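Below: the structure, in structure tokens.
Start at 1 with the first residue, then count along the sequence. For clarity, every value in this text was computed on a predicted model and none was experimentally measured.
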Amino acid sequence: MNQLKMYIVSDSIGETGDLVAKAAISQFRKDFESTAVKRIPHVESVDQLKEVTEIAAEQHAIILYTLVKEEMRTCIRLECERRNIPSIDLLGPIIDVIGSTLNERASEEPGRVRMLDEDYFQKIEAIEFAVKYDDGRDPRGLLLADIVLIGVSRTSKTPLSQYLAHKRYKVANVPLVPEVEPPEELFKIDPDKCFGLVISPEKLNSIRKERLKALGLKDDANYAKIERIRAEIDHFYSVADRIGCRVIDVTDRAVEETANIILNIKQKRER
């Protein structure tokens with residue numbers, strides 16, 4: 001059985017070329033024992049390309065390359081032609097087609113796919129974090145969070161947590177009730193990462209009544225009474241004062257507006 005030798009040349013880690021090579025080789029080999037596929041990652045100079053093509057020519061190898069810079073693609077193509085090396089440009093043709101379709105020039109930045117993947121996984125991790133530490137389920141999450149939200153019931157803590165998670169922030173939130181002592185972890189966190197959400201008693205009264213109706217309950221329960229709501233908000237302020245956190249009034253504010261306030265505050269502090 002003929003042995004196949006192949007070099008995967010890339011200005012990034014060469015994963016794309018490796019996957020394509022294995023997909024193609026599998027059409028001829030049930031296993032890869034009779035193939036020698038070698039990645040040459042992070043190629044950044046013309047001298048490196050010339051060295052690779054010289055070795056490939058000596059070993060009668062095929063070259064697959066995923067190079068985003070036009071100059072580098074041109075160089076390896078000419079070197080392969082000069083040395084009679086079979087070669088395949090995996091990215092160049094599609095980059096050219098997309099560029100002409102959009103009438104734009106490619107950024108020619110190696111590793112962009114990996115950067116996008118990392119961004120995606122950071123977002124998923126943040127969303128999972130928000131779910132795990134929603135509604136004060138596990139106080140230990142407060143010490144791990146990028147942002148901590150506190151507030152009485154129905155102040156949009158959960159949707160705000162999810163919105164911020166999509167911005168890749170790990171968010172935990174804690175509901176405050178006068179009869180329940182806040183978790184001790186709440187007073188150990190950096191006050192700058194904690195934000196209190198407050199709402200007018202009248203607005204909250206209306207929201208809670210609608211919530212009770214939606215659940216098929218009477219709207220005159222203690223949960224929706226204005227006196228009870230005022231007591232909860234007083235308790236909220238006492239806890240926020242102990243923490244020393246920023247308080248945001250969310251009355252008549254959309255979740256996106258509140259999120260932008262929090263993000264702007266964080267960005268100013270991080271400068």
### Message
So Arg211 and Leu215, do their side chains get closer than 4.5 Å, heavy atoms only?
### Response
yes
### Message
Counting C-beta onward and ignoring hydrogens, is there a side-chain heavy-atom pair between Pro182 and Val174 closer than 4.5 Å?
### Response
no
### Asp138/Arg140 salt bridge by N-O under 4.0 Å criterion
yes
Side-chain donor-acceptor contacts of residues 45-54 below 3.5 Å, not counting sequence neighbours, with atom names and distances?
unit_1, atom_1, unit_2, atom_2, d
Ser45, OG, Gln48, N, 3.2
Ser45, OG, Gln48, OE1, 3.3
Gln48, OE1, Glu44, N, 2.8
Gln48, OE1, Ser45, N, 3.1
Thr53, OG1, Leu49, O, 3.1
Thr53, OG1, Lys50, O, 2.9
Thr53, OG1, Arg83, NE, 3.4

### Query
Are the side chains of Leu212 and Arg208 in touch, meaning some heavy atoms are under 4.5 Å apart?
no
Solution key, residues 63-70 side-chain donor-acceptor pairs under 3.5 Å, sequence neighbours excluded:
unit_1, atom_1, unit_2, atom_2, d
Thr66, OG1, Ser10, OG, 3.2

### Task
State whether Asp234 and Arg230 are salt-bridged, where the test is any N-O pair (Lys NZ or Arg NE/NH1/NH2 against Asp/Glu carboxylate O) under 4.0 Å.
no
### Query
Does any N or O in the side chain of Lys157 come within less than 3.5 Å of the main-chain N or O of Val152, such that one atom is a donor and the other an acceptor?
yes
### Message
Is there a side-chain contact between His42 and Ile13 in this structure, where contact means two heavy atoms from C-beta onward sitting under 4.5 Å apart?
### Response
yes
### Verdict with reasoning, Lys188 to Glu185, per salt bridge (charged side-chain N to carboxylate O under 4.0 Å, His left out)
CA-CA 5 Å; Lys188 295 178 181 179; Glu185 289 86 354; 5.9 Å; no
### Message
Given 3.5 Å as the limit, does a donor-acceptor pair link the side chain of Ser200 with the main chain of Thr251, or not?
### Response
no
### Donor-acceptor contact present, side-chain Asn260 to main-chain Glu256, <3.5 Å
yes
### Min side-chain heavy-atom separation Pro178-Arg228 under 4.5 Å
yes
### Message
Do Ile88 and Val20 have side chains that approach each other closer than 4.5 Å (heavy atoms only, starting at C-beta)?
### Response
no
### Sequence neighbours excluded - side chain to side chain donor-acceptor pair (under 3.5 Å) pairs with any residue from residues 88-101
none
### Summary
Residues pairing under side chain to side chain donor-acceptor pair (under 3.5 Å) where one sits in residues 190-199, two or more places apart or in two chains, turn out to be none
### Message
Can you pull out every ring pair (Phe, Tyr, Trp, His ring centres under 6.0 Å) where at least one residue sits in residues 190-218? Sequence neighbours excluded, please.
### Response
none
### Query
Under the ring pair (Phe, Tyr, Trp, His ring centres under 6.0 Å) rule, what pairs show up with a residue in residues 133-173, not counting sequence neighbours?
Phe129-Tyr133
### Message
I want to check something: taking the side chain as every heavy atom from C-beta on, are Leu176 and His235 in contact at a cut-off of under 4.5 Å?
### Response
yes
